[in-house]
Protein chains: 2
Amino acid sequence: MTPKYKVDHTGCPIAFAAEAFGDKWTLLILREVLLFKKKHFDELLSMREGIASNILASRLKGMEASGLLVKQEDPANGRRVIYSPTEKALDLLPACVELILWASKHDPETGVPADMLARIRRNRAKAIREMRAPFD
Amino acid sequence: MTPKYKVDHTGCPIAFAAEAFGDKWTLLILREVLLFKKKHFDELLSMREGIASNILASRLKGMEASGLLVKQEDPANGRRVIYSPTEKALDLLPACVELILWASKHDPETGVPADMLARIRRNRAKAIREMRAPFD
DNA sequence: CCTGAGTACTTGCAAATAGCAAGCGATCGT
DNA sequence: ACGATCGCTTGCTATTTGCAAGTACTCAGG
């Protein structure tokens with residue numbers, strides 16, 4: 001079931017963001033999809049943080065409803081479902097990049113690879129384009 | 001009380017972000033503090049989205065614990081408390097700016113003022129510096 | 001076909017969290 | 001010294017989360 005306690009957004013961009021992914025699981029699913037190119041339910045289910053299958057199903061439903069993901073049947077295998085990020089989700093990559101920079105500065109146990117940081121810092125726009133390329 | 005269902009982050013920048021503010025209320029409090037310069041409990045309590053006082057108190061406690069806010073007594077008025085953003089919180093401004101750009105593109109009822117968008121697009125770094133200036 | 005395994009979910013229930021309304025305690029202004 | 005202000009806390013119910021198990025389809029092999 002889709003959560004009932006929601007924010008009434010009315011124009012504010014941060015409230016709009018909070019409504020779309022102001023929830024730890026939604027954010028982590030976005031990470032899996034955008035950054036690790038996960039496409040299937042079972043791949044998402046086995047993310048390191050350990051999401052429960054009912055929560056995953058409810059979040060995927062919400063993300064589909066809010067236009068972050070599209071769901072399609074795998075033409076090569078009728079049991080599989082493919083979840084892919086929409087333009088709306090892909091357009092979050094710049095914000096993700098800022099979060100990566102932020103975390104690499106403030107997380108004492110950051111695991112962001114040095115070469116990734118260097119690549120982002122050398123040319124941020126290019127790094128974002130390269131992260132996005134596999135989806136186009 | 002601070003929530004018990006947490007993410008085990010272990011190095012991932014997005015999980016680190018989810019742990020710090022992967023919660024709609026925390027994100028909205030950050031907005032009030034960073035973007036609207038709110039400093040007091042009652043100001044935060046009256047945000048448009050209608051947060052309950054116990055939830056606000058628990059989130060403020062969590063944000064203090066995670067180093068996003070510092071709490072100090074108002075020297076001019078002993079009943080008042082001043083919450084101010086730390087460096088860690090201020091360093092989220094670039095990500096906020098990206099979210100503003102994202103929402104202005106994808107929210108059909110966006111209320112982001114056109115001149116703010118123009119200012120950001122003209123010179124993003126300068127806009128961020130200006131947003132940050134009042135806190136330095 | 002039949003069967004077993006793969007994949008994407010659902011369901012039922014207990015535990016945790018959110019939201020609401022009310023109250024409490026320490027200042028402060030008068 | 002008294003009421004108002006401000007920042008919470010408490011008690012209670014509603015909602016959500018997490019867990020373990022189960023269901024429903026599909027495919028591949030014999």
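Proteins come first, then strands; the chains are lettered A, B, ... in the order of their sequence lines, and each starts at number 1. Keep in mind that this is a model prediction, so the values were computed, not measured.
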Find the distance A:Ile82:CD1 to C:dT7:P and express it as a whole number of Å.
13 Å
In this structure, how many angstroms lie between the P atom of D:dT26 and the NE2 atom of A:His40, rounded?
17 Å
With the threshold set at 4.0 Å, does a side-chain nitrogen-carboxylate oxygen contact exist between A:Asp23 and B:Lys24?
no
Each nucleotide of nucleotides 21-30 of chain C classed B (base within 4.0 Å of a protein heavy atom), S (only sugar-phosphate) or -, in 5' to 3' order, makes -B----BB--
OP1 or OP2 of C:dT7 sitting under 4.0 Å from any side-chain N/O of A:Lys71?
no
Excluding sequence neighbours, so at least two apart, what forms side chain to side chain donor-acceptor pair (under 3.5 Å) with B:Ser66?
none
C:dT7 phosphate, OP1 or OP2: any side-chain N/O from A:Tyr83 under 4.0 angstrom?
no
Please state how far atom CD in A:Glu43 lies from atom P in C:dG6, giving the value in whole angstrom units.
16 Å
Given that A:Gly50 and B:Leu60 both sit by DNA chain D, which one's nearest nucleotide is further toward the 5' end?
B:Leu60
Residue pairs passing the salt bridge (Lys or Arg N to Asp or Glu O under 4.0 Å) test where at least one lies in residues 62-73 of chain B, sequence neighbours excluded
none
Taking the minimum atom-to-atom distance to the side chain of B:Ala57, which one of C:dA18, D:dC8, D:dT17 wins?
D:dC8
Where the side chain of B:Asp23 is defined as all heavy atoms beyond and including C-beta, which of D:dT17, C:dA18, C:dC9 is the nearest nucleotide?
C:dA18
Sorted by first residue and then second, give each side chain to side chain donor-acceptor pair (under 3.5 Å) pair with at least one member in residues 126-136 of chain B; sequence neighbours left out.
B:Glu87-B:Arg132, B:Asp91-B:Arg132, B:Arg119-B:Glu130
Indicate whether OP1 or OP2 belonging to D:dT17 is found under 4.0 Å from a side-chain N or O atom of A:Arg59.
yes
State whether A:Trp25 places a side-chain N or O below 4.0 Å from either non-bridging phosphate oxygen (OP1 or OP2) of D:dT17.
no
Please confirm whether the shortest side-chain N or O distance from A:Lys39 to OP1 or OP2 of C:dA8 is below 4.0 Å.
no
Atom CD1 of B:Ile55 to atom P of D:dT15: distance rounded to whole Å?
15 Å
Calculate the interatomic distance between A:Arg80 atom CZ and D:dT26 atom P; express it in whole Å.
16 Å
What are the two closest non-hydrogen atoms of B:Leu28 and A:Ala15, and how far apart are they?
CD2-CA, 3.8 Å
Atom CG of A:Leu44 and atom P of C:dA8: how far apart are they, to the nearest Å?
9 Å
When rounded to whole Å, the CG to C1' distance for the pair A:Leu56 and D:dA20 reads 16 Å
From the list C:dG19, D:dG7, D:dG18, which nucleotide is the closest neighbour of the side chain of A:Lys24?
D:dG18
Atom-to-atom span, CD of A:Gln72 to C1' of C:dA8 - whole angstrom:
15 Å
Which residues satisfy the ring-ring contact (aromatic ring centres under 6.0 Å, His included) test with B:Phe16, sequence neighbours excluded?
A:Trp102, B:His9
Residues in side chain to side chain donor-acceptor pair (under 3.5 Å) with B:Asn123, at least two apart?
none
